[in-house]
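Here is the structure we will look at.
Computed over heavy atoms, backbone and side chain alike; hydrogens, waters and symmetry mates excluded.
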Amino acid sequence: MKYYLIVGEASGDIHAAGLMHSLKNNDTHAEFRFFGGDLMAAEGGTQVKHYKELAYMGFVPVLLHLRTIFRNMDMCKRDIVAWQPDVVILVDYPGFNLKIAKFVHAHTKIPVYYYISPKIWAWKEWRIKSIKRDISELFSILPFEVPFFEGKHHFPIHYVGNPTAYEVRAYKEKAPVGNDGFLRQNRLHPSTPMIAILCGSRKQEIKDNLPAMLAATRELAGNYQLVIAGAPAIEPEYYEQFTQGYQVKLLPAGHTYQLLFNATAALVTSGTATLETALFRVPQVVCYKTPVPHLIRIAFNHIIQCKYISLVNLIADREVVPELLADRFSVNSIRKELTRILPGGDAREEQLDGYDEIIDKLGETVAPDNAASIMVRKLRDEG
């Protein structure tokens, strides 16, 4: 069968590549055409556009590139119609993908599957109308999305397991073999505990969060190794403006799992990294500085639909890890909460118990394998 996939960012490339690999295992005649990245290209098929030509973040960049965005969208629509795939598979990136779904539903008979469902439970819940109208099958990697879509909105959804949970399990099974080499290569001391600093994947996040994280850990440098996980596409020189005067080590991009495998505690900017940290059972403090913090707090309390910003707390449906967001973000609050989760701290064991609850909720299903199996079966039944 012919599969047309669309992703708009690096995380989507990772998840879509895993799905493509599993689709090939379920369908030996699978053909792919896609808007995607290098990992998807490695799985085979035809890359129409790289996701880097689609990804514009923030109001101003989007406004400046509107013509390019519309041109790419029109190209995608024409390409789908010309290729006539058996299914269009959308991966996250709802601003672009839901418009494509609307077109495909209105102008073709091609089914649209959504892998990694849009996070409308946090923002823009009104998008459920277009999802109900345009999406044939919805696939989720977060268990709390099932009651949201099925219970609240009466729209069926497949929870297929969480790919991050599987990836961390697989890493932990083989990590001890290469751990000594990782420590030696990065001149880290196995006998000195580490505090991991995961300050975001974008320059603005790093600029906002890293200075306070470093200031909060300054007094711990004598007893702990402070280690920053470098982000992809961020040059090491960018970090230097913030790390001067601190006893801290910067790891090259791609070593986050190695760092978490060895860490005693972590300071983490919200995102998938909070879940990765929990799956490695590393106690953490979530730190997220925002502009106009008091207004953000009002919005969070009265406008934004979800109670938490970290996947850890969203999955648990309670505060397992402290979230220092907006007006709660300060050097003193970071220092205080970090002290509570270090060995001997009063919150450490309680947080670890919460992690076990989350790991149990996520289950052990291999998400891309499960999703691919359902997709191929449904397409064959419908065909």
Side-chain angles (χ1 to χ4, degrees), residues 9-11 13-14 38-39 164 167-289 310-312 321 334 338 341-343:
E9 53 197 356
S11 61
D13 183 35
I14 294 170
D38 299 339
L39 296 176
T164 302
E167 290 157 9
V168 171
R169 280 200 310 273
Y171 177 83
K172 289 169 74 172
E173 288 173 2
K174 63 181 182 180
V177 177
N179 192 53
D180 290 343
F182 163 74
L183 295 173
R184 285 195 304 272
Q185 180 183 355
N186 292 284
R187 298 181 181 178
L188 296 169
H189 306 292
S191 59
T192 305
M194 298 179 203
I195 295 176
I197 299 176
L198 282 62
C199 50
S201 59
R202 301 187 181 98
K203 287 186 175 181
Q204 188 63 49
E205 289 177 328
I206 297 166
K207 179 182 178 182
D208 288 343
N209 294 285
L210 183 55
M213 290 173 160
L214 291 173
T217 55
R218 183 191 291 274
E219 297 174 3
L220 298 170
N223 298 316
Y224 291 88
Q225 298 176 93
L226 308 179
V227 188
I228 300 171
I234 305 293
E235 60 277 10
E237 292 75 18
Y238 185 76
Y239 293 90
E240 291 177 1
Q241 61 187 304
F242 309 112
T243 59
Q244 290 179 6
Y246 289 98
Q247 297 180 49
V248 61
K249 180 176 287 294
L250 172 67
L251 292 183
H255 289 284
T256 300
Y257 279 16
Q258 289 95 326
L259 174 57
L260 290 174
F261 183 77
N262 289 279
T264 298
L267 300 178
V268 188
T269 296
S270 186
T272 305
T274 63
L275 180 57
E276 292 170 332
T277 303
L279 292 169
F280 276 96
R281 301 189 81 254
V282 178
Q284 66 183 293
V285 179
V286 177
C287 311
Y288 204 88
K289 184 178 181 180
S310 69
L311 286 175
V312 176
V321 299
I334 295 170
L338 177 59
I341 62 169
L342 290 173

(message) Before you tell me yes or no, could you show the steps for Arg202 and Glu205 under side chain to side chain contact (heavy atoms under 4.5 Å, CB included), namely the whole-Å CA-CA distance, both residues' side-chain angles and the distance that decides it to 0.1 Å?
(response) CA-CA 5 Å; Arg202 301 187 181 98; Glu205 289 177 328; 4.0 Å; yes
(request) Taking side chain to side chain donor-acceptor pair (under 3.5 Å) as the test, write out the residues that go with Tyr257, two or more places apart. (result) Glu276
(message) Which residue in the set Thr277, Val286, Thr269 passes side chain to side chain contact (heavy atoms under 4.5 Å, CB included) when paired with Leu198?
(response) Thr277
(request) Find out whether Leu210 and Ile197 are in side-chain contact, i.e. whether some heavy atom of one side chain is under 4.5 Å from a heavy atom of the other. (result) yes
(request) State, to 0.1 Å, how close Gly254 and Gln258 come at their nearest heavy-atom pair, and which atoms those are. (result) O-OE1, 3.6 Å
(request) Could you tell me which residues satisfy side chain to side chain donor-acceptor pair (under 3.5 Å) with Asn262, sequence neighbours excluded, listed by chain and number? (result) Asn179
(request) First locate atom CD1 of Ile228, then atom OG1 of Thr256, and finally report the distance between them rounded to the nearest 0.5 Å. (result) 12.0 Å
(request) Please examine the side chains of Phe182 and Leu251, heavy atoms only from C-beta on, and report whether any two atoms are closer than 4.5 Å. (result) yes
(request) Compare all side-chain heavy atoms of Tyr171 with those of Phe280 and state whether any distance is below 4.5 angstrom. (result) yes
(request) May I ask you to decide if Lys289's main-chain N or O and Asn209's side chain share a donor-acceptor pair within less than 3.5 Å? (result) yes
(message) Surrounding CD of Gln247 (heavy atoms of other residues, nucleotides or ligands, distance under 6.0 Å), is the total greater than 12?
(response) no
(message) Before you tell me yes or no, could you show the steps for Glu9 and Asp13 under side chain to side chain contact (heavy atoms under 4.5 Å, CB included), namely the whole-Å CA-CA distance, both residues' side-chain angles and the distance that decides it to 0.1 Å?
(response) CA-CA 6 Å; Glu9 53 197 356; Asp13 183 35; over 6 Å; no
(request) Would you check if Lys203 and Glu235 make a side-chain contact, meaning some heavy-atom pair closer than 4.5 Å? (result) yes
(request) With rounding to the nearest 0.5 Å, note down the distance linking CG in Asn186 to CG in Leu250. (result) 9.5 Å
(request) Taking all non-hydrogen atoms of both residues into account, name the closest pair between Ala231 and Gly200 and its distance. (result) CB-O, 3.7 Å
(request) List for me each residue that meets side chain to side chain donor-acceptor pair (under 3.5 Å) alongside Tyr246, sequence neighbours excluded, and say none if there are none. (result) Arg218
(request) Might you work through the side chain to side chain contact (heavy atoms under 4.5 Å, CB included) test for Val227 and Val248, ending with a clear yes or no? (result) CA-CA 6 Å; Val227 188; Val248 61; over 6 Å; no
(message) Give me the atom names and distance for the closest heavy-atom approach of Ile334 to Ala216.
(response) CG2-CB, 3.5 Å
(request) Identify the heavy atoms of Gly271 and Leu311 that sit nearest to each other, and give their distance. (result) O-CD1, 4.2 Å
(message) For the CZ atom of Arg187 and the NE2 atom of His189, what is their distance to the nearest 0.5 Å?
(response) 10.0 Å
(request) Considering non-hydrogen atoms only, spot the tightest contact between Ala266 and Ile341 and give its length. (result) O-CD1, 4.3 Å
(request) Find out whether Phe242 and Cys199 are in side-chain contact, i.e. whether some heavy atom of one side chain is under 4.5 Å from a heavy atom of the other. (result) no
(request) Report yes if the side chains of Cys287 and Val268 come closer than 4.5 Å at any heavy-atom pair, otherwise no. (result) no
(request) May I ask you to decide if Gln241's main-chain N or O and Gln244's side chain share a donor-acceptor pair within less than 3.5 Å? (result) no
(request) Supply the atom-to-atom distance Leu279 CG to Thr272 OG1, rounded to the nearest 0.5 angstrom. (result) 10.5 Å
(message) Minimum heavy-atom separation for Tyr224 and Pro343, please, with both atom names.
(response) OH-CD, 3.6 Å
(message) With a 4.5 Å cut-off on side-chain heavy atoms, are Val321 and Val285 touching?
(response) no
(message) I'd like to know whether NZ of Lys207 has more than 12 heavy-atom contacts from other residues, nucleotides or ligands below 6.0 angstrom.
(response) no
(request) Using modelled atom types only, decide if a donor and an acceptor are shared between the side chain of Gln284 and the backbone of Thr274 within a distance under 3.5 Å. (result) yes
(request) Flag the pair Leu342 / Leu220 as yes when at least one side-chain heavy-atom distance between them is below 4.5 Å, and no otherwise. (result) yes
(request) From the options Thr264, Leu260, Leu188, Val282, select the one residue that forms a side chain to side chain contact (heavy atoms under 4.5 Å, CB included) with Met194. (result) Leu188
(request) Could you tell me whether a side-chain N or O of Gln225 sits under 3.5 Å from a main-chain N or O of Ile195, the two making a donor and an acceptor? (result) no
